[in-house]
Structures are given as structure tokens and as C-alpha cells.
Amino acid sequence: MGVINVTPDSFSDGGLCASTEDALRHAACLIEQGADWLDIGGESSRPGSMPVDMAEELRRVIPVVEALSSMDVPVSVDTSKPEVMRAAIRAGAAMINDVNALRAAGALEAVAAGGVSACLMHMQGEPGSMQADPRYDDVVAEVKGFLRQRLDAALAAGIQRDRLAIDPGFGFGKTHDHNIKLLRHLDRFSDLGVPVLVGLSRKAILGKMTGRNVGDRLHASVAAALMAVIKGAGIVRVHDVKATRDALAVYNAVNS
Ligand code: 9MG
């Protein structure tokens, strides 16, 4: 899944796709590199980021989704707002990627009525303050328990199981040790019975492991994506599609 942030302030590529035209150019590039999904976001969820109002999020995201809806590659929209979900679905989105796991009032209903897929992500707290003091007794058990509850809520709302994915939410209200434990034990999420989506691309956890700044985390990101797939991830959300695909091609050739 290739990332397209239509934002001025995302942590690794803020401003790269500030206009619809830039976003479409970048989409074409990610498709050429072999992306199976494009994930379009109009609100940064990096630690410390501030919410964007609905009109602005719609203005950033919807023209891009509309323009991409005629392409062969399905589009996911990264949003937590039910109004944006509904507009994105009308514009042709095939999946809602919600870092808030459809907890906003009306979000479950928006996805169920739209008949699209959803990724339910775990986050402790909210982006503005989530890295202040994250705490767990057992991070893997607690994140898994939360995702099980959100899956049950999604199923009860009428979203079909084969339209759901889960995500432990690396970097979303987690310390470095929490993130490492989640990656080490990612295989424990597989028995929830839906695909596991993982986003580690260029994140601070990789900066801490390698000492590299955000523009210099390609190799670490590819290693992390490969590790996630070996541990059971079915979808990896990445900035660097070509390099990630090559690494996975080597893995798949040997592993088939
Ligand atoms: C939008 N976004 C940023 N990081 C993410 C991650 O790790 N997973 C998902 N599903 N979305 C993310």
C-alpha cells in the first residue's frame, strides 16, 4: 500500500503532495512502482499534529479520490471523520483506513452503509498527546484485546469479515519498547482471522534503531516491512513501493 499524504505537515513527506496535481503525479509514480493500494490522507496523524477541519480535509482528499477512481488500483482513505468517509466512498474509495478504528459516532454506520472495506487501527490517546506517556501492562495482549473488540463492533454493525483488516498502530501511543514488542510478537494477531496491516515506513522507531533521520530510512523501512510480512502482515503501508516490492519478491520466491 503506497502512501499519499495530501498535507503540508506529515512527518516524512509533508508538502510533497500539497496540491491535487502533485498528489496525482505521485499516485502515478506509486502505481508504476507496483502499488496494490493507494492510501490517501488529508490530515496528518503524526505525534503532536493538530486536527484539520472537515472542509479542509474534504478539499484536500476528495478531488484526488475522484481522479483515481477510474484507475485499476483501489484507493483507501485515511480518515477518522464519518462525513469524510461518506464523501470518500461516494467518490470511489474502496477502503477506509481509520487510525481511530471507527470509534467516532457514525463511523461504523458510514462504512457499513457504503459497503466498503475498513482497516481498524489501535491508538492509545490521540495524535496531539499520544506520545507523552504511553503505558501498558502487556502491550501485545492489550492491543490485541482492543482490536478484537473493534472487530466485534464492526461485525455487529454489518461490515463483513472479509472487508476488515486490523493494525497494531506502530508509533501511535507506544514507546520504543512497546513498538519492538509488537513487532516481535506480530504473529499473535493472525488468529483474529483478518489481514494484518502494518505501517512502519520511515517511522521514528527506525530512526532510533539506526540513528538515521527521516529522509534516510529507506533501508530500515524495507527491512521492517519484510520483517512484518515474515511475522504475518498481509498488507504493508509504505512510502517506498519499489524497494519494498523487490524485497518481498525475493522473500516470496524463496518462501513459495
Ligand atoms: C495513516 N497512518 C499513519 N501510520 C499508519 C499506520 O501505521 N497504519 C495505518 N493503518 N495507517 C497509518
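Counting convention: from 1, in listed order, for ligands and their atoms alike. For this chain, numbers begin at 1 and follow the sequence in order.
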Tell me the protein heavy atom at minimum distance from [atom], and give that distance in Å.
| atom | answer |
| --- | --- |
| atom 4 (N) of ligand 1 | K203 NZ, 3.2 Å |
| atom 9 (C) of ligand 1 | D167 OD2, 3.1 Å |
| atom 11 (N) of ligand 1 | N97 ND2, 3.1 Å |
| atom 1 (C) of ligand 1 | D78 OD2, 3.1 Å |
| atom 3 (C) of ligand 1 | R237 NH1, 3.3 Å |

For R161, check side-chain hydrogen bond (donor to acceptor under 3.5 Å, both in side chains) against everything at least two apart and list the hits.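 Counting only residues at least two positions away or on another chain, R161 forms no side-chain hydrogen bond (donor to acceptor under 3.5 Å, both in side chains).
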Check the surroundings of atom NE2 in H176: do more than 12 heavy atoms from other residues, nucleotides or ligands lie under 6.0 Å from it? yes
Would the number of heavy atoms belonging to other residues, nucleotides or ligands and lying under 6.0 Å from CZ of R212 be above 12? no
Go through ligand 1 atom by atom and flag the ones less than 4.0 Å from a non-hydrogen atom of M121.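 Numbered from 1, ligand 1 contributes 6 (C), 8 (N), 9 (C).
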What atoms of ligand 1 come within less than 4.0 Å of a heavy atom belonging to L197? 10 (N)
Report all side-chain donor-acceptor pairs from residues 221-231 shorter than 3.5 Å, counting only partners two or more places apart or in another chain.
{"unit_1": "S221", "atom_1": "OG", "unit_2": "R202", "atom_2": "N", "d": "2.8"}
{"unit_1": "S221", "atom_1": "OG", "unit_2": "R217", "atom_2": "O", "d": "2.6"}
{"unit_1": "K231", "atom_1": "NZ", "unit_2": "R184", "atom_2": "O", "d": "3.0"}

Check this for me, if you would: do E43 and R60 make a salt bridge, where the nitrogen-to-carboxylate-oxygen distance has to be below 4.0 angstrom? no
Can you label the angle between the H122 ring and the Y136 ring as parallel, tilted or perpendicular, going by 30° and 60°?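 Correct class here is tilted.
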